[in-house]
Amino acid sequence: MNDPERPIAMPWKVRVQYVCTHWLQPVLFMISVAALAWLWTFRAPQTVVVGRVEAIEVSVPASEGATLMPLERQLAPFDRVQQGVTLVARLDVSDLLFEMQTLTAERDRIKSSIDSETERLRLQQQQWDFERDQQQRELLQQSLSRQRNLTSADERIDDLRRELNDIRDRHRKLALKQSETAAASKVLAIESEHLTQQRSRVAELVERSMAPTLQLAELDQQIELKQCELAESEAISNTISRQVVELDREIRIESQRLAESTQLRDELAATELEHPEQAAPILADAETLLAPLEQALRVHDAKIRRLAQQIAANEILAPVSGMVSQVHFPPGTFVPRGEPILTIAAEQTRCIVAYVD
């Protein structure tokens, strides 16, 4: 027997096969990666390129043609500026201010003209409204009696319509009841016929002594009961038919009365159109009268807004952060619109110029 405390020895051939199967491929892969890194590091060609670093230069143009005004701290080459913070130039806008004052005074004059014309039209409108109210009061006194007659006619039409609707409702109910009675009579007739046929069969059986006579008597009683019910249903149906005919006659009479009342009401309402209300002529023409002045006011407002934008743009801030490389126009000189006042070398964005043999 084998000793349980002593392990079984593995043959060397099995051990070599296990190592080749599980460890040989990863070890060879790591050796290949290390060899490739060594060859790439120590065998790669090295190139030395001669060149220089250049900064992108940004020109600051003049927003309007104007004279440059001196700043509290005048910028010179190699001064550093910050984007959106450093004031690099200030333009003389005294001519624009004078023009803006002139346009503002002209606008105030036009606005005063519009206000005075509007007030005049308003007073004319009030006078016209007063005269129109007097005419309307006279017409109102004349139309009170016609209005009362029209109201009475409307009430009469409403009453006739309610009565006609009530009659039509009763007619619909009677028609429904008539159809139900006809259906019940049909069912009773079918049941009576069925009982008659059944009695004939039972009578034959009684003659042959195959059924009791009592059953024949019961069938006779049932047939007599069904015939009574059928006769009663037919009587009810005839009564309903007479009522329906009477309601049809009432519907025709009420419809004719309603048509006559509606025609009288329409004729009475048509007489109210003999005195049409006049339209207000003053306010209708106000837009036409004030249109040229309002157009001139809008033109002046647009010019004032444009001048305000130009005046607001007289102070030019640095568009980028960097260093002043060149000053093209000194203070006190006139700068045409779009001409660069100074040039700034940007410090964020750079490029490398290389010289390759």
Side-chain angles (χ1 to χ4, degrees), residues 136 139-277:
Q136 288 180 349
L139 293 176
L140 182 61
Q141 294 297 330
Q142 296 175 3
S143 63
L144 283 177
S145 59
R146 295 176 181 176
Q147 187 66 32
R148 286 193 295 269
N149 295 333
L150 185 61
T151 303
S152 300
D154 289 335
E155 293 176 354
R156 175 63 177 169
I157 290 173
D158 292 338
D159 294 338
L160 290 175
R161 284 177 178 172
R162 283 194 294 270
E163 293 178 1
L164 184 60
N165 290 332
D166 292 339
I167 295 173
R168 286 175 177 172
D169 289 339
R170 285 187 291 164
H171 184 275
R172 283 194 296 270
K173 292 177 180 178
L174 285 176
L176 180 60
K177 188 174 181 181
Q178 185 180 14
S179 61
E180 292 176 353
T181 305
S185 299
K186 188 175 181 181
V187 171
L188 290 173
I190 293 172
E191 292 178 354
S192 178
E193 184 179 358
H194 177 71
L195 289 174
T196 303
Q197 294 175 358
Q198 187 177 359
R199 184 187 180 285
S200 299
R201 291 193 299 270
V202 172
E204 293 178 359
L205 294 175
V206 170
E207 290 177 358
R208 297 176 184 178
S209 299
M210 297 178 64
T213 308
L214 183 61
Q215 186 176 0
L216 186 62
E218 291 177 356
L219 288 175
D220 290 336
Q221 291 179 359
Q222 293 179 5
I223 291 172
E224 184 179 359
L225 180 62
K226 291 296 180 182
Q227 289 178 353
C228 293
E229 292 179 357
L230 181 60
E232 184 180 356
S233 178
E234 290 177 353
I236 293 174
S237 180
N238 294 331
T239 304
I240 292 174
S241 299
R242 289 193 298 270
Q243 292 178 355
V244 168
V245 172
E246 181 66 22
L247 288 177
D248 289 335
R249 187 182 65 82
E250 293 182 5
I251 288 174
R252 288 194 298 272
I253 295 174
E254 292 296 330
S255 298
Q256 183 177 0
R257 294 171 61 188
L258 179 61
E260 293 174 356
S261 299
T262 303
Q263 183 178 1
L264 292 175
R265 194 275 308 271
D266 293 339
E267 292 176 358
L268 186 61
T271 58
E272 296 292 334
L273 302 177
E274 294 178 359
H275 304 284
E277 185 179 356

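Side-chain atoms are counted along with the backbone in the values below, which use heavy atoms only and exclude waters and symmetry mates. Keep in mind it's a predicted model, so treat the numbers as computed, not measured. The chain is numbered in sequence order, starting from 1.
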From CD (Q243) to NZ (K173), nearest 0.5 Å: 13.0 Å

Side-chain donor-acceptor contact under 3.5 Å, S255 with R252: no

Exam field: side chain S261 to backbone L258, donor-acceptor pair closer than 3.5 Å: no

Value rounded to 0.5 Å, distance of CZ in R168 from CD1 in I251: 6.5 Å

Shortest non-hydrogen contact from L174 toward I240: O-CG2, 3.5 Å

OG1-NE2 distance between T196 and H194, expressed to the nearest 0.5 angstrom: 10.0 Å

Nearest-0.5 Å distance that lies between atom OG1 in T181 and atom CG in L176: 9.0 Å

Sidechain-backbone polar pair: S237 side chain, S233 backbone, donor-acceptor under 3.5 Å: no

From L247 atom CG to R249 atom CZ, the distance as rounded to the nearest 0.5 Å: 9.5 Å

From E246, E250, E163, residue fulfilling salt bridge (charged side-chain N to carboxylate O under 4.0 Å, His left out) relative to R170: E250

Closest heavy-atom pair and its distance - E254, I167: CG-CD1, 3.6 Å

Interatomic distance, Q256 atom CD to L164 atom CG [nearest 0.5 angstrom]: 12.5 Å

Heavy atoms of other groups near E193 CD, more than 12 under 6.0 Å: no

Non-hydrogen side-chain atoms of L225 and Q221 separated by less than 4.5 Å: no

Over all atoms of both residues, closest heavy-atom pair of R257 and L160: O-CD1, 3.7 Å

Q197 CD: over 12 foreign heavy atoms closer than 6.0 Å: yes

